[in-house]
Amino acid sequence: MMSKTVREIAELYTSYFKGKGHTIVPSSSLIPKGDPTLLFTTAGMVQFKPLFTGAVELPYTRAASVQKCVRTTDLEVVGKTERHCTFFEMLGNFSFGDYFKKEAIEYALDFSLNHLHIPKEKIWVTIYLDDDEAKKIWMEAGIPEERIVRLGKKDNFWGPAGDSGACGPCSELYLDRGPEKGGPNCGNSPDCKPGCECDRYLEYWNLVFNQFNQTVSGELLPLKQTGIDTGSGLERVAMLLQEVDSVYDTDELKSIIRKIEELSGKTYDESTKQSFRVITDHSRSVFFSLGDGIYPDRTGRGYVIRRLIRRASLFARKLGIHEPFLYKLIATLRDLYSVRYPELKDKAGDIESILKKEEELFLHTLEVGLEELESLLSQMKSNGETLVTGKEGFRLYSTYGFPREMTKELVEDRGFGFDDKGFEAELEKDRDLSRASWKGKKVQYLTGISASPELKTEFLGYTETKSNAKVLYLFVDGKSVKEAIQGSDAVVVLDKTPFYAEGGGQIGDWGYLKKEGFQFQVQDTQKENETFLHLGIILKGKISVGETIEAEIDTARRQNLANHHSGTHLLNGALRRILGTHVAQKGSIVSSDYLRFDFSHPKALSEEEIISIEKDVNEAVNAKIPVKTEVLDIDTAKQSGALSMFDEKYGSSVRVISMGDKSKEFCGGTHVSNTKEIGYFAIIKEGSPGAGNRRVEAICGDSVIEYFLSQFQTLAAKIETHNLSAKETFGDLKEFGIVSPVPAPEDLQSLFVKEGNAAVEHLRKLREDLETELEEKSASLFKAKKKKEQLSFQMNPELVDGLLKKAHSFSKGKVVTEVFEAVDAKALKDLADSLKAKEPEILCLFGSIDGEASTLVFMCNKVLNERGIHCGDLLKETLVMLDGKGGGRPDMAQGGGKKPESLGVALEFALELSKKKLG
């Protein structure tokens, strides 16, 4: 094979496919445009998803690109393996209803043999299980049958990128690197072939034959047009051609490693290679992400970038680097990549500045945080403990800025476990606590004294809603004080309380502490050991340690909490009855506004399952089941069949809540006395918090009525807008109007009075029927309006005559330019046809503005082609002014661009260019 640099391979690729009639499309941003299902651009085809599905008019039918991509699914193994990267470049060639399997296979083989100079006898291919067509094409192209391997869906059915989009069976090209690269049991074994886990056969090109469009629900629908989506990892191809074992030994990545050696004074060898590789890879991801405007943040893409920066900083520390360092690599990265991505050249200075500040921010606390972690692990080791709790992990995150995944990686490297669920619970708690400024201090007030007997609070809240109590401790700004005054954010510790402290998923009570001349608003209740903490603000007067006050909870809010907690128990029972006893609780939140329940289940719930679960719970509510509370010793409780949280720690006695044969669980929360108190139950959302688990959000009581009121009010407004549009366009509602009644608020409330919680199922069905009708009628109305508008537009004699009158006349022909508002390309073409029919020697230069986009259509008859006009060439020169793309034939071309404010100037430019040919 002939060794080639990364740059040479990329240039060869684009040159080859340009010669095959492909439009070379620049890489899109790492932020996927218009695709909320993807965090980053993860494949070359992402920017072309609308073209594959036929959702947009095609600017070209074949394209090729070198696409920058970021994937962080295997972040933890980056640096440990030879080929894992978070940033990579993907070579791709694409067809949108143009060529299909035969040409895709022939192009890939031709490029491999005659441009990459890979020996034919070293190429193997894989095909999808039943793709005999692909097999036949490969054999006709010269690949013998014995080097064609059939693989299943896991390996040879690709896509979509994200939750929906184009997908289909695929065929992959592999390079045989020789038996010496095989595994210990491979060698010359006939069983060693593509699909084997060893390193002998490495895939370097994937040809996807797009035939389907996968919906968000997972349904496979035939595409309007078949297509080709290929992907070839640039770094992987370079590794094979340069005959090295790692992508980190290819020329471009090697130059980054050399720069790290220079800056660190360390050598890249076996002892340091993981650190070098992590820094090399992460610096590229960060460089390109910052270049696309993805900045470090606490959530989303920004969180991923912050995590990459901090992970790289940790590995830099292993090389003895204790100061900001990554930003010093930016100049090297700029010089390497600005040839393929020229926009990065001017952005490099800003990227360097942002990165340096982010590194400084992290390094301020890194040293102290690492010392804290070392101290924690040392103490755990001496105590024989092996699991870092969620609370400790969250403390490292909130205090020292250690992302959860980074802490997890650090502790697991040292042989310890990490409590992911505990961390998530602490994170959720912090989100709730952050609603007020004092909540950012969390519950650290009693460290060192919380086990003191006199700080034990007696809880009265199962039977009492208010009580007199003595003030044992006061805290202001985290410090113990004897007195607190009006306006202070404070924490009050009482000897007894009716306030329920957050626990078991149920959030803490609100209410007031009162006495003559004094009022304290309790905005949350937390607990450390047996001590209850009433957190809030002094609204009036002052309070001193030792005083007696009256504590009273917000009873309406407590009732809502009880409704939702008892509703959670009934939901758990219904899930196990309808989905199966494999369902196990994985977490929950019980608030006064809603309940959230996480449970183990392998797939999304169907609409039928959701309705059945909802119905089961509402039947239990209707049954008016008494809620029984028992305090049992732990063994008796377990023998009773009561459900418990697997990860929860219980004492020698536990509280068991029973609701007939519908539910029996360990629980310390507050509940209704009879299921009828719950009133109504409705599921409002179903999703997944992570692999293998599902999440249901639901509401109880009057919240259900309010929910449906809001739902139908919104729906009524949408239907009204739709009907107005239909009437304005066609004069009546006969064909496109929606006449199905939407229940008025008073009718909806009457329905709940009449039908009770059976109204939930009734209203859910009614809402779904109306939404379906609206969706179908809206689609029909849209098509009819477009057809009417286009017909009116292109057949308008006054418009045609007016444009002919304003046309510019030159010695060899006429030119008309015009900018329209929100007119699509087809209508512009039809208008141009009408003009050409009346005036054969006319060139039409039309543009249209729709929001932030602009559309151009240039058309003429062949008589002007013979006089030097080429619409495709003219369009390409014009689109430069609009940062756009497009093309076409001599007599017709179309394209799209940005900068709608410049469309008029761009058409004037096109007019001047055409004048040189026709003047």
Side-chain angles (χ1 to χ4, degrees), residues 428 461-462 500 502-509 554-579 583-599 601 605 609-629 642-645 655-687 694-708 752 755-761 763-764:
E428 194 64 43
Y462 291 134
Y500 180 84
E502 179 174 327
Q506 181 175 325
I507 64 175
D509 275 332
D554 181 335
T555 52
R557 184 173 178 275
R558 166 68 79 80
Q559 182 62 53
N560 286 336
L561 283 163
N563 291 344
H564 285 108
H565 207 151
S566 296
T568 301
H569 283 219
L570 292 176
L571 170 62
N572 192 7
L575 289 167
R576 290 171 62 83
R577 280 187 290 278
I578 291 164
L579 302 181
V583 167
Q585 181 177 345
K586 295 297 182 181
S588 69
I589 290 180
V590 177
S591 81
S592 57
D593 302 316
Y594 74 104
L595 67 88
R596 192 176 85 187
F597 190 77
D598 295 349
F599 58 97
H601 190 61
L605 304 189
E609 287 172 330
I610 290 173
I611 291 170
S612 296
I613 293 162
E614 202 171 61
K615 188 175 181 180
D616 187 290
V617 174
N618 278 315
E619 285 174 352
V621 172
N622 264 355
K624 302 181 182 179
I625 303 168
V627 177
K628 181 181 176 183
T629 302
L643 295 178
S644 62
M645 277 283 282
R655 200 163 168 265
V656 176
I657 305 296
S658 304
M659 301 177 194
D661 61 356
K662 295 291 185 179
S663 172
K664 191 171 190 178
E665 296 187 33
F666 290 22
C667 186
T670 61
H671 288 272
V672 297
S673 59
N674 188 292
T675 59
K676 188 60 181 174
E677 293 175 39
I678 296 170
Y680 318 104
F681 174 88
I683 294 173
I684 59 173
K685 189 176 180 181
E686 192 273 341
R694 302 305 299 175
R695 171 174 289 171
V696 165
E697 290 185 12
I699 48 177
C700 295
D702 290 342
S703 297
V704 175
I705 301 176
E706 292 166 7
Y707 169 75
F708 279 108
F752 273 100
E755 295 188 9
N757 50 30
V760 173
E761 187 176 351
L763 291 170
R764 180 184 288 280

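The structure presented is a predicted model; accordingly, all values stated were derived computationally and were not measured.
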Next item on the list: Mind listing the closest non-hydrogen atom pair of K662 and I625 along with its distance?
Entry: CG-CD1, 3.7 Å
Margin query: I need the minimum non-hydrogen distance between I699 and Y707, along with the two atoms involved.
Written below: CD1-CB, 3.3 Å
Next item on the list: Enter the distance from E697:CD to F597:CZ here, rounded to the nearest 0.5 Å.
Entry: 13.5 Å
Next item on the list: Verify, without hydrogens or angle tests, whether R596 (side chain) and S588 (backbone) share a donor-acceptor contact under 3.5 angstrom.
Entry: no
Note to self: Please check: side-chain N/O of Y680 versus main-chain N/O of V621, any donor-acceptor pairing under 3.5 Å?
What the structure shows: no
Item checked: Derivation and outcome, side-chain contact (heavy atoms from CB on, under 4.5 Å), residues D509 and D554 -> CA-CA 7 Å; D509 275 332; D554 181 335; over 6 Å; no
Next item on the list: Work out which heavy atom in C667 is nearest to a heavy atom in I657; give both atom names and the distance.
Entry: CB-CG1, 3.9 Å
Checklist line | Any donor-acceptor pair under 3.5 Å from R576 side chain to V583 backbone | finding: yes
Check: Should I678 and L570 count as side-chain neighbours, where that means a heavy-atom distance under 4.5 Å?
Finding: yes
Margin query: Quick one: does any side-chain atom of E761 pair with a main-chain N or O of A758 as donor and acceptor, under 3.5 Å?
Written below: no
Next item on the list: Nearest 0.5 Å please: distance from the NZ atom of K586 over to the CZ atom of F599.
Entry: 12.0 Å
Check: Does any non-hydrogen side-chain atom of Y500 lie less than 4.5 Å from one of R558?
Finding: yes
Notebook entry, point to check: Heavy atoms, side chains only, cut-off 4.5 Å: are L605 and L579 in contact?
Noted result: yes
Notebook entry, point to check: In terms of ring plane angle, is the pair H569 and H565 parallel, tilted or perpendicular, where the classes change at 30° and 60°?
Noted result: perpendicular
Notebook entry, point to check: Once you round to the nearest 0.5 Å, how far does CZ of R655 lie from NE2 of H671?
Noted result: 6.5 Å
Check: How many angstroms lie between CG in L763 and CD1 in I705, if you round to the nearest 0.5 Å?
Finding: 10.0 Å
Notebook entry, point to check: Around atom NZ of K676, are there more than 12 heavy atoms of other residues, nucleotides or ligands at under 6.0 Å?
Noted result: yes
Margin query: Please find the pair of heavy atoms, one from S592 and one from R557, that lie closest to each other, and give the distance.
Written below: CB-CG, 3.6 Å
Notebook entry, point to check: Is the side chain of H564 donor-acceptor paired with the backbone N or O of V590 at a distance under 3.5 Å, no angle test?
Noted result: no
Note to self: Rounded to the nearest 0.5 Å, what separates atom CD in E609 from atom CD in E614?
What the structure shows: 13.5 Å
Next item on the list: Measure across F708 and A682 and return the closest heavy-atom pair with its distance rounded to 0.1 Å.
Entry: CE1-CB, 4.3 Å
Next item on the list: Could you grab the distance from atom OG1 of T670 to atom CD of Q506, nearest 0.5 Å is fine?
Entry: 3.5 Å
Note to self: Just so I know, are the side chains of L571 and L575 near enough to count as touching, which here means a heavy-atom distance under 4.5 Å?
What the structure shows: yes
Item checked: Pair L643-F666, side-chain contact (heavy atoms from CB on, under 4.5 Å): steps then yes or no -> CA-CA 6 Å; L643 295 178; F666 290 22; over 6 Å; no
Next item on the list: Run the numbers on L595 and C700 for side-chain contact (heavy atoms from CB on, under 4.5 Å), then give the verdict.
Entry: CA-CA 8 Å; L595 67 88; C700 295; 4.1 Å; yes
Margin query: As a quick check of understanding, evaluate side-chain contact (heavy atoms from CB on, under 4.5 Å) for F752 and V760, giving each step before the final call.
Written below: CA-CA 8 Å; F752 273 100; V760 173; 4.1 Å; yes
Notebook entry, point to check: Considering all heavy atoms of both residues, which atom of D616 and which atom of A574 are nearest to each other, and what is their separation?
Noted result: OD1-CB, 3.5 Å
